[in-house]
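Reading through the structure tokens given below for one structure.
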Amino acid sequence: MDFRLTDGVELHIIKTSQFKNNQIIVNFGTPQTADNTTARSLLGDLLETSTHKYPTQTALARQLSRLYGADVGTGVARIGTMHTVRLKARFINDQYAFDGLLDRTIDLIHEMLFNPLIDNGSFDEPTFNLQKANLYSAIKSLDDDKQYYAATKLRQLYFDKNSVMQIPSFGRLDDLESLTAEKLVEVYHNMVSHDKINIVVLGDVDENHVIDQFKQFEFAPRHFDNDKLMYRQEPKDEAVNEEETQALNQSKLNLAYELPVCFLDKDHYAAVVMNGILGGSPLSKLFVNVREKESLAYYASSQYHSFSGMLSIQTGIQNVNYDRARTLIKEQIDDIIAGKFSDELMREVKEGLVNQYKTSLDTAGNIVERKLTDSLLHQEPDDVVEKVNQVTSADVVRVASKLKLQAVYYLNGDLKNE
Amino acid sequence: MNEHSYSKYDETIYDETLENGLVVQVLPKKYFHKTYAILTVDYGSIDQTFVPTGSDEVVTVPDGVAHFLEHKMFEKIDHDAFDLFGELGADSNAFTSFTQTSYLFSTTEHIHESLDVLLDFVQQPYFSSQTVQKEKGIIGQEIKMYDDDPNWRLYFGMLGNLYPHDPMHVDIAGSVESIDKISSETLYSTYDTFYQPHNMNLFIVGNVDPAEAIECVKDNQSKKHFDEPSNPEVRFELNDPSGKDVIPFRTLEMDVTRPKVMVGVRGLEQIAAGEAGLRYRLGVELLLDILFDDTVDNYLRLYNNEIIDDSFSYNFEMQRGFHFAYFSSDTDHIERFADEIIGILESAHQQIEAAASQFDNIKRAMLGRMIALLDSPEAIANRYAGKLFGGTNLLDEITVLESIKIDDLYVIAKEFIQSQGISVYQVVPRHSN
């Protein structure tokens, strides 16, 4: 059931008795800018730490334990060019706990969103300073995950220098410094008053009762006209390369291609199938040839990013095998463009994608995310099974022909063992 | 087929032990689209000294054989099990722990065919020197990938402190050197010893009819010939059960941005297997929550003093023959972290008293999180630990948890937390010379 709470604030309820848990997501969306990303990320951290009624994280945690270990927290994410701060709640159904667990969880969500620890125009100073320091440490230590590090470096090479896509949804160290407890109040008011808000509730709930509960939230009407979520940039004529050396046991080779097919395009599902054939599963050409046949790697895979028109390939190798890995990767793409993949592989990849889709209907979190994306794009849910099955080999070849190498990042691990 | 009904949670589990000893359990989920099945062998990385079936001499196989076997089971003389699952549209995978090896699939169609593929590829081994050689490159890269992961190094560094002369201190995958010594003969002899139907269990959760699923498994098994069953004779004894061999402190230098520190506690008491073991595990988990979870005052004090941050976590692991807990955080105050955690552990009795008013809420939260897991076929099936906890499942766990009282925690704390079993491991940024 879809319900409009006020202009720019939508409520979607998915009633189901499949699950013993209920899910709620409150999504705040606005176009991402260089200025707003880091501030909103820190704001999310502050909102889940404390409120006036629960002024310490211990007080808030105790309330969650009274709600039978409910998970209620905030996070940030990007949907195309939109930056989102979302509050998510997972909690068990009333029948396994007590009557009114749902209502009390919604009360807590209200408290976290509308009664943050702000006094005299400023967030609580000690809380602010601590959360700022923690966000700084969290961003910094991401570099210790080398797969993640290489993927980040690749994105920086791929996207235009001044593009917001350069900035991860959780923000940048450089932007943290200038944030203050007063400035964050402004960011808070801006988010609550002007962001596009989509709420999704899933579970064995009484729909009218849920609507009544959310009607009591003080959402002001807002106007949101930026519906262009897809990112586009002009492709580079020549790929950019970057190499870096670190004392590591394993080298990371990451490549980015332009794949000008977006989520809403007719060719979207052809791109999904093509990615499945290239590197999306243990049946894929990258897995079979780079890992199984030549045992160069433990992981060798590809990913299609449908909101930014990019396809990335990642693998972990020994540095002496760099040239061989580059050659093999190129061969796999050339093979697909030349139509060199079996009908059997095509069928298996499609069946695998259908299976994945149907399987995702058993995870409440996935259903809620899908509903959120569909509602942000104002589209009816796709018949995924039908669309995947309609893709032909010729579609795959056509889409693969559009791949254009744009960036190569190589992290050379030169630690010698014995 | 036996039926166990848990009406409070609208769930029923069916089980049957087949003639050849294979234990099969089914939990139907009628509103679900998928079926998840996991076949687990009661055999893992630490079971490396044993008497091979048909022999009477004890052998010790190289580190990493259990994990190597897991990889090699998929490859057959003329096909790969991944492809067979692929043809059916099913996802498949496998993993190895210290004491178990598991093979699994998840599918929305062709459930019976997928069950056949699962049972057939795990019950019909094929190893050749050529395919064994090839796998060494792949697993070598897997090992190196983990070698670059500071959290993995922290965890195995701690196991090296707690069990310095026992097989748990070695990476489950072994090392590049140890896997080089593995041959197809090693794999066959290990396989024959452990991969016997009575040493395995199959757990199926999802959109299935339990009687049909069990019939399908029976059918599959009746067509196969199995050797006369023998009980795997594993020679596993802790090097020093008193824990005097625990290394109290070590440090590793690595390219990390922030120091990481872990405090470990090795349990020194022998814990009975069966439901008593499960009760002990849940008791320790509640104990750790009442000492350290974010609803107690200790947590807030450590957090506000920047001794811990959101990276703080703790865990308790109980497997066949050993159990330990660990607490870790990224922090700029590694010494204070260790002092504080150990201080709280060693004064557990007073700490429980101080946090007693939180006990009901902590237990309620744990109960809620366990009920939440009933939505996950993977969680239900993967949590099943077979003989270790007397064949109990997640629903039995809920019942056992409900019966634990705060008084139990004082007893458990005294048993579990002994100074002899406590250790500290650090990963610190490398100093450039």
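All heavy atoms count here, side chains included; hydrogens, waters and symmetry mates do not. Chain identifiers are assigned alphabetically (A, B, ...) following the order of the sequence lines, protein sequences preceding nucleic acid strands; residue numbering begins at 1 within each chain.
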request  = I would like to know whether A:Arg291 and A:Tyr299 meet side-chain contact (heavy atoms from CB on, under 4.5 Å); could you show each step before the answer?
outcome  = CA-CA 7 Å; A:Arg291 172 176 150 139; A:Tyr299 71 90; over 6 Å; no

query = Between atom CG of A:Leu135 and atom CG of A:Leu42, what is the distance when rounded to the nearest 0.5 Å?
reply = 6.0 Å

key: Leading residue by heavy atom contact count with chain A [cutoff under 4.5 Å; candidates B:Asp309, B:Val256, B:Val176, B:Asp149]   = B:Val256

ask   = Which one of B:Asp332, B:Asp330, B:Thr331 satisfies the side chain to side chain contact (heavy atoms under 4.5 Å, CB included) criterion with B:Pro259?
value = B:Asp332

query = Side chains of B:Thr257 and A:Asp144: is there a donor and an acceptor less than 3.5 Å apart?
reply = yes

message = Using a 4.5 Å heavy-atom cutoff, which residues in residues 370-378 of chain B come close to chain A?
response = B:Ile371, B:Ala372, B:Leu374, B:Asp375

query = Between B:Asp91, B:Thr35, B:Asp10, B:Ile138, which has the largest tally of heavy atom pairs under 4.5 Å with chain A?
reply = B:Ile138

query = In terms of heavy-atom pairs under 4.5 Å with chain A, which of B:Asp83, B:Thr108, B:Asp310 leads?
reply = B:Thr108

Options B:Glu11, B:Lys363, B:Lys8, ranked by heavy-atom pairs under 4.5 Å with chain A, top entry = B:Glu11

key: Under 4.5 Å from a heavy atom of chain B, the part of A:Gln356 involved   = side chain

Closest-packed option against chain A by number of heavy-atom pairs under 4.5 Å, given B:Glu87, B:Glu75, B:Lys136, B:Lys30 = B:Glu87

request  = Evaluate ring-ring contact (aromatic ring centres under 6.0 Å, His included) for B:Phe292 paired with B:Tyr299, printing each intermediate quantity in order.
outcome  = CA-CA 6 Å; B:Phe292 295 104; B:Tyr299 181 92; 9.5 Å; no

note = Applying a strict 4.5 Å limit to non-hydrogen atoms, the region of A:Ile317 in contact with chain B is backbone

request  = State whether a side-chain donor-acceptor pair under 3.5 Å links B:Tyr314 with B:Asp293.
outcome  = no

Option among B:Phe82, B:Phe85, B:Phe74 that satisfies the ring-ring contact (aromatic ring centres under 6.0 Å, His included) test with B:Phe105 = B:Phe85

inquiry  = On the six-membered ring of B:Phe32, is B:Lys34 placed so that its NZ or CZ lies under 6.0 angstrom from the centre and within 45° of the ring axis?
reply    = no

remark   = In terms of heavy-atom pairs under 4.5 Å with chain B, the winner among A:Lys293, A:Gln246, A:Lys20 is A:Lys20

key: Interface residue of largest heavy-atom contact number with chain B, from A:Lys140, A:Gln18, A:Arg66, under 4.5 Å   = A:Gln18

query = Where on A:Gln147 is there a heavy atom nearer than 4.5 Å to chain B: the side chain, the backbone, both, or neither?
reply = side chain

request  = Give a yes-or-no answer on whether the side chains of B:Asn151 and B:Lys260 include a donor-acceptor pair shorter than 3.5 Å.
outcome  = yes

inquiry  = Only pairs of heavy atoms separated by less than 4.5 Å count here; which of B:Gly137, B:Gly206, B:Gly89 has the most with chain A?
reply    = B:Gly89

task = Evaluate the ring planes of A:Tyr322 and A:Tyr410, with Trp represented by its six-membered ring, and classify them as parallel (under 30°), tilted (30 to 60°) or perpendicular (over 60°).
result = tilted

